[in-house]
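Start at 1 and go down the list; that is how both ligands and their atoms are numbered. Note that the coordinates shown come from a computational prediction; the quantities given were computed from them, not determined experimentally.
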Amino acid sequence: MEKETLKKVGIMGGTFDPIHFGHLMIAENAREQFGLEKVLFVPTGHSPHKQEQDVTSAFHRCRMVSLAIADNPGFLLDRIEVDFKDVSYTYRTLEKIKEYYKNTELFFVLGADSLFDFESWKEPEAILENCSVLAAYRKHQQQEKFFQQIDVLNEKYPEKFFPLNTPSLEVSSQDIRNRLHYGRTIRYLVPKEVEQYIRAYHLYEGEVSEDEACRNRKKIEKGIG
Ligand code: ATP
C-alpha cells in the first residue's frame with residue numbers, strides 16, 4: 001500500500017535494547033483499538049536521553065526488532081532515527097515522518113513512564129502538532145495517577161492524549177538485560193527469535209556455549225537472508 005493512502009499510522013519509538021513482549025503488546029493493542037493500518041517501530045538513533053556507550057549498537061537492535069515483528073503484517077521497522085547522524089529528537093522525527101505520510105493521522109504509542117516524562121521532551125508542542133499520543137498504563141505506576149496525568153495533559157493540549165486499554169506486562173528491557181547478566185531465563189518475555197539472536201551474538205553477557213551460539217547464528221543468518 002502507498003504511504004500516502006494510509007489514514008492512520010502508529011509510531012512506537014523506543015531503544016528496544018532488546019525489544020520485548022511489553023512493546024509488542026502495546027503496539028498491537030494500539031493498532032486494534034485505534035484502527036491503525038500500520039505501526040512503525042522506530043528504534044532510537046543518537047538519543048538525548050541515554051548515554052550512547054551504554055546502548056547496544058543500532059545494527060543489533062534493528063535486527064532484533066525485525067525478527068520480533070516479522071510475523072505481523074501490521075508492523076514495520078522504520079530506521080529513520082538510526083540512519084540519522086545527529087541526536088534525534090522526537091519532534092524532528094515526527095516532522096520527517098509527516099513529510100512522507102502527508103495525509104495520514106499519526107499516533108505516538110508510549111508507556112506510562114514516558115507519559116510522565118513527556119513535557120520534559122524537547123518541543124512537546126511541536127510533537128503534538130503532528131500526532132496524538134496513545135499511552136499504556138504500566139503496573140509500577142498508580143492507575144489513578146496515570147489517568148490524572150492524562151487529564152492534566154489533555155487540559156493543556158486538548159484531545160491529544162488517549163489511554164490504551166491493554167493488559168499490562170511487567171517486563172522491561174532493563175529487567176531482561178539483568179536476567180541475562182545473572183544467567184536467568186528470558187523465555188516468554190521476548191519472542192523466541194529474539195532470544196536466539198541474543199544468544200547467538202552474546203549480547204548482554206548472556207551465558208551460552210560457543211557451539212550453541214554458532215548454531216543460532218547460522219539459523220538466523222539463513223532466516224534474515
Ligand atoms: P529500559 O528498561 O531499558 O528503560 P524499556 O523496557 O522501558 O527500556 P524502551 O525501549 O525504553 O523500553 O521503551 C519504549 C516505549 O515502550 C516507552 O514508551 C516505554 O514506556 C514503553 N514500554 C516499555 N515496556 C513496556 C511495558 N512492559 N508496558 C508498557 N509500555 C512499555
Side-chain angles (χ1 to χ4, degrees), residues 10-34 39-58 60-69 75 77-82 88-91 93-94 106-121 124 127-128 131-143 145-147 149-150 153 161-182 184 186 188-191 194-195 198 203-205:
I11 294 155
M12 176 81 216
T15 316
F16 304 128
D17 193 13
I19 188 164
H20 53 66
F21 279 128
H23 299 126
L24 294 164
M25 180 138 85
I26 68 170
E28 175 63 3
N29 281 279
R31 188 195 64 69
E32 184 193 58
Q33 273 166 52
F34 287 82
V39 179
L40 310 180
F41 281 71
V42 184
T44 48
H46 306 282
S47 166
H49 304 294
K50 294 201 179 172
Q51 287 293 327
E52 204 130 320
Q53 66 272 20
D54 297 337
V55 177
T56 305
S57 72
H60 285 311
R61 288 184 293 118
C62 285
R63 290 178 101 198
M64 289 189 281
V65 170
S66 291
L67 289 166
I69 66 176
F75 288 175
L77 168 68
D78 191 325
R79 298 179 46 97
I80 186 165
E81 286 204 356
V82 299
S88 0
Y89 292 103
T90 303
Y91 85 95
T93 304
L94 279 158
L106 299 179
F107 294 84
F108 198 83
V109 183
L110 43 71
D113 46 330
S114 310
L115 184 74
F116 284 88
D117 290 347
F118 183 81
E119 288 199 280
S120 68
W121 292 8
I127 295 178
L128 296 172
C131 71
S132 303
V133 175
L134 311 182
Y137 166 65
R138 283 181 94 167
K139 259 223 173 89
H140 59 265
Q141 246 104 24
Q142 279 178 11
Q143 202 157 9
K145 285 211 173 128
F146 169 74
F147 286 107
Q149 179 67 0
I150 298 240
L153 290 166
F161 291 83
F162 300 90
L164 266 176
N165 182 7
T166 167
S168 67
L169 223 180
E170 220 21 56
V171 50
S172 68
S173 300
Q174 175 70 62
D175 178 37
I176 289 164
R177 296 194 298 272
N178 286 343
R179 281 171 168 270
L180 287 159
H181 183 76
Y182 291 107
R184 296 183 55 205
I186 59 163
Y188 309 124
L189 295 176
V190 300
V194 172
E195 176 168 5
I198 289 170
L203 303 182
Y204 316 113
E205 304 169 51

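- Classification of the W121-F108 ring pair by plane angle, with boundaries at 30° and 60°, yields perpendicular.
- Counting heavy atoms from C-beta on, the side chains of V194 and F16 never come closer than 4.5 Å.
- Annotation: D17 places no N or O atom under 3.5 Å from an N or O atom of ligand 1; distance criterion only.
- The proximity of I26 to ligand 1, defined as any non-hydrogen pair under 4.0 Å, is limited to the side chain.
- Among protein heavy atoms, the minimum distance from atom 6 (O) of ligand 1 is reached at S173 N, 2.7 Å.
- Atoms of ligand 1 lying under 4.0 Å from at least one heavy atom of M12, given by number and element, are 15 (C), 16 (O).
- Below 4.0 Å from some heavy atom of F16 lie the following atoms of ligand 1, by number and element: 10 (O).
- Remark: the backbone N or O of T44 is paired with a side-chain donor or acceptor of R61 at under 3.5 angstrom.
- Looking at heavy atoms from C-beta onward, C131 lies out of side-chain contact with I11 at the 4.5 angstrom threshold.
- Close approach to D113 involves these atoms of ligand 1, each under 4.0 Å from a residue heavy atom: 19 (C), 20 (O).
- Ranking the protein heavy atoms by distance from atom 4 (O) of ligand 1 puts K50 NZ, 3.4 Å first.
- In terms of protein heavy atoms, atom 17 (C) of ligand 1 is closest to S114 OG, 3.3 Å.
- None of F146, F147, F116 except one satisfies the ring pair (Phe, Tyr, Trp, His ring centres under 6.0 Å) rule with Y137; the exception is F146.
- Between I26 and A136, the shortest heavy-atom distance links the atoms CG2-CB, 3.5 Å.
- When each atom of ligand 1 is checked for a heavy atom of G14 under 4.0 Å away, the hits are 10 (O), 14 (C).
- The protein non-hydrogen atom at the shortest distance from atom 13 (O) of ligand 1 is H23 NE2, 3.5 Å.
- In this structure, the side chain of D17 engages the main chain of T56 through a donor-acceptor pair within 3.5 Å.
- Here the heavy atom of the protein found nearest to atom 15 (C) of ligand 1 is G13 O, 3.6 Å.
- The closest heavy-atom contact to atom 27 (N) of ligand 1, among the options L189, L169, N29, comes from L169.
- If you look at R177 next to ligand 1, the close heavy atoms, those under 4.0 Å, all belong to the side chain.
- When all heavy atoms of M64 and I198 are compared, the pair lying nearest together is SD-CG1, 3.8 Å.
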- Message: Is there a side chain to side chain contact (heavy atoms under 4.5 Å, CB included) between L24 and I19? Walk through the geometry before answering.
- Response: CA-CA 8 Å; L24 294 164; I19 188 164; 4.0 Å; yes
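- When atom types are taken as modelled, the side chain of S132 and the backbone of F161 share no donor-acceptor pair closer than 3.5 angstrom.
- Distances between N or O atoms of V171 and those of ligand 1 include at least one value under 3.5 Å.
- Residue Q174 has at least one heavy-atom neighbour below 4.0 Å for each of these atoms of ligand 1: 1 (P), 2 (O), 3 (O).
- Here M25 has no heavy atoms under 4.0 Å from ligand 1, in either its backbone or its side chain.
- For atom 21 (C) of ligand 1, the closest non-hydrogen atom on the protein side is G111 N, 3.7 Å.
- Closest to atom 22 (N) of ligand 1 among all protein heavy atoms lies R138 NH1, 3.5 Å.
- Atoms of ligand 1 found under 4.0 Å from any heavy atom of L110, numbered from 1 in the order shown, are 18 (O).
- Side-chain contact between V109 and F41 is absent, with no heavy atoms from C-beta onward closer than 4.5 Å.
- Taking 4.5 Å as the limit, some side-chain heavy atom of V82 sits within range of a side-chain heavy atom of C62.
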